[in-house]
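In this text the structure is predicted, and so the values were computed from the model without any measurement. No hydrogens, no waters, no symmetry mates; every other heavy atom, side chains included, goes into these values.
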Amino acid sequence: MILELDNLSKSYGGTQALRGLTLQIEAGSVYGLLGPNGSGKTTTLGLALGVLQASGGAVRWFGQPLSSQSKRRVGALLETPNFFPYLSARQNLLLAADVKHADPASVDTALALVNLKDRQHDAFRSFSLGMKQRLALASTLLGNPEVLVLDEPTNGLDPQGIAEVRELIQRLAAEGKTIIIASHLLDEIEKVCTHVAVLQRGELRVAGPVSSILAATDRVAVRVAPDVPPAALLQALSQLAWVSDVKAEPAGTISAVLAPGHSPADLNRALFAQGIILAGLELRHRTLEAQFLELTK
Amino acid sequence: MLRAELRKILPYRTVWFILLLYAALLALFVSVGSGVVINGQPVGNTLYAFPELWHKLSYVASYFNLLLGILLIILITDEFQFRTFRQQVIDGSSVAALVQGKLAVSALLAAFGVLTVLAVGLFFGLTRSPASAGQAGQQLGAVLLYGAQALGYLALAALLAFLLRKSGPAILAFMLYAWVVEPLSRLLVPDEIDRYFPTKVFSALTPTPGQELLDTVTGPSSALLPTQALPLALAYAALFWLLSYLLLRNRDL
């Protein structure tokens with residue numbers, strides 16, 4: 001287990017920012033932390049990284065309590081890129097490499113990876129938001145950590161930058177790194193994450209593999225040829241105990257939800273057995289966005 | 001750790017500006033000192049005679065500790081403002097290491113103060129009172145006591161910076177405490193007690209030159225002797241750094 005959060009709580013004065021969060025993150029997963037603004041994502045990461053003092057609960061990295069050694073196995077970007085504005089990009093990374101006990105030579109690799117080699121001698125304060133964000137990403141990669149913690153990693157990036165970061169995350173995940181991403185950009189999470197946890201007002205709503213969270217509510221849409229009466233299809237569907245939430249849609253299409261363990265092929269086979277030939281069959285993945293809105297309603 | 005601190009400080013123009021200002025103001029004060037008229041007579045070059053020069057210079061330099069303190073406050077509050085303390089903790093520093101880094105910086109600043117006093121003293125002493133050059137190596141302890149005093153003021157500045165996190169309020173609090181709060185509170189407290197107050201202890205390390213003469217007029221001063229003040233000053237400095245550590249450890253970054 002890479003990271004275990006056990007009944008973690010945090011309050012700021014009278015405000016309870018996080019209530020008894022328990023979460024396990026396994027090695028090799030790309031774990032998305034989702035939630036609206038103020039749901040406790042950054043608070044969770046701040047507690048996990050040791051910059052906030054928990055009101056209760058425990059954090060364990062690699063099965064051990066948080067320590068300087070465990071932190072050096074993690075590269076993290078929390079909220080904003082934090083650098084000395086008067087130092088150049090390169091000077092800032094050399095400093096970070098010192099703190100992380102990373103090889104100073106890795107600074108060049110990191111700068112090249114985020115395309116900042118040409119601007120490495122410019123002061124951090126002269127950078128655009130996107131460049132600052134890229135520098136922060138470069139800093140997380142120093143010392144080749146096993147785990148990356150990225151809080152809103154695509155903040156301030158243009159569409160091309162977002163695509164580059166997504167590609168970088170997928171490449172790093174393919175190398176076997178565990179990646180923890182907090183974001184409110186559902187599209188991002190859906191594209192790169194294997195697991196997701198949804199937070200709302202400091203509480204965990206749901207956690208698990210993206211596929212299982214999304215699959216439970218996938219809909220199947222079916223269409224019959226014009227010469228088959230729609231009533232016959234409805235009648236046939238009502239015979240199947242594992243089909244629920246049958247809805248008529250425009251243009252003679254009918255959609256329904258299949259119980260777990262049943263595939264669109266099962267549906268096709270069952271309908272064919274009842275003499276109904278389908279003209280169209282479509283599995284509609286429910287978007288994470290729809291699922292998220294439903295969960296945080 | 002020191003390397004990381006040097007990476008932050010060396011390219012920072014503000015640091016060089018304040019250090020140069022410290023050296024320039026000290027040299028300026030010392031160079032115009034001979035023009036001061038006492039009893040109708042300019043003090044003249046007797047001011048620069050070794051070894052008394054070291055006591056006078058340490059006393060003058062004690063007024064410039066304020067600049068070193070302000071510089072340290074800027075260096076500490078910058079890290080809160082830039083959120084770099086936070087990032088360094090994320091990257092693997094312990095809170096103790098952050099405080100030790102700033103302690104090392106304070107030692108560097110105090111060493112800079114001591115070296116500047118030595119350089120200014122040697123320059124003016126050797127050029128304006130060459131006859132006393134043979135005694136230049138005597139009573140250098142006065143300069144070391146000044147170094148201890150600088151460490152004390154810097155520890156106080158660091159504590160206020162860690163407490164208030166913003167440069168403006170911390171600098172204001174530093175000056176108010178040293179010049180207003182403690183002097184006023186000393187008025188309300190008996191002399192036997194107030195001589196143990198922090199800035200009173202620190203200033204006892206560099207007594208006013210000719211204090212013995214003044215004492216014969218005004219009665220004995222209640223201040224501690226420098227040798228008595230030294231262990232207390234170092235204890236205060238250690239206490240302020242310990243409090244800084246506890247503050248940082250128990251707060252969110």
Exercise for review: Kindly check if the number of other-residue, nucleotide or ligand heavy atoms within 6.0 Å of CZ (A:Arg201) is above 12?
Suggested key: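 Not buried by this count: 12 neighbours or fewer within 6.0 Å.
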Point to revise | Atom CZ of A:Phe62 with >12 non-hydrogen neighbours under 6.0 angstrom | key: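 Enclosed: over 12 neighbouring heavy atoms sit under 6.0 Å from CZ of A:Phe62.
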**Study point:** Closest heavy-atom pair and its distance - A:Ala76, B:Ile90
**Key:**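 Here A:Ala76 and B:Ile90 meet closest at CB-CG2, 3.4 Å.
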Review point. What's the shortest heavy-atom distance between B:Val89 and A:Gly50, and which atoms?
Key: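 Reported closest heavy-atom pair: CG1-O, 3.7 Å.
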Point to revise | Contacting moiety of A:Leu77, where chain B heavy atoms sit under 4.5 Å | key: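 Neither; nothing under 4.5 Å.
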Point to revise | A:Leu95, part contacting chain B, at a heavy-atom distance under 4.5 Å | key: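 Answer is both: backbone and side chain atoms of A:Leu95 are under 4.5 Å from chain B.
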Check your understanding: Hey, which residues of residues 173-182 of chain A are touching chain B, say heavy atoms under 4.5 Å apart?
Key ->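 No residue falls under the 4.5 Å cut-off.
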Step through the atoms of chain A and chain B and list each donor-acceptor pair whose separation is under 3.5 Å.
from    : atom 1 : to       : atom 2 : distance (Å)
A:Lys10 : NZ     : B:Asp252 : OD1    : 3.2
A:Lys10 : NZ     : B:Asp252 : OD2    : 2.8
A:Val51 : O      : B:Leu253 : N      : 2.8
A:Gln53 : N      : B:Asp252 : OD1    : 2.7
A:Gln53 : NE2    : B:Arg249 : O      : 2.9
A:Gln53 : NE2    : B:Arg251 : O      : 3.3
A:Ser68 : OG     : B:Gly92  : O      : 2.9
A:Lys71 : NZ     : B:Val89  : O      : 2.9
A:Lys71 : NZ     : B:Ser93  : O      : 3.3
A:Arg72 : NH2    : B:Gly92  : O      : 3.1
A:Ala76 : O      : B:Gln87  : NE2    : 3.2
A:Glu79 : OE1    : B:Arg83  : NH1    : 3.4
A:Glu79 : OE1    : B:Arg86  : NH2    : 2.9
A:Asn82 : ND2    : B:Gln87  : OE1    : 3.3
A:Tyr86 : OH     : B:Lys8   : O      : 2.8
A:Asp98 : OD1    : B:Arg3   : NE     : 3.4
A:Asp98 : OD1    : B:Arg3   : NH2    : 2.6
A:Asp98 : OD2    : B:Arg3   : NE     : 3.3
A:Asp98 : OD2    : B:Arg7   : NE     : 2.7

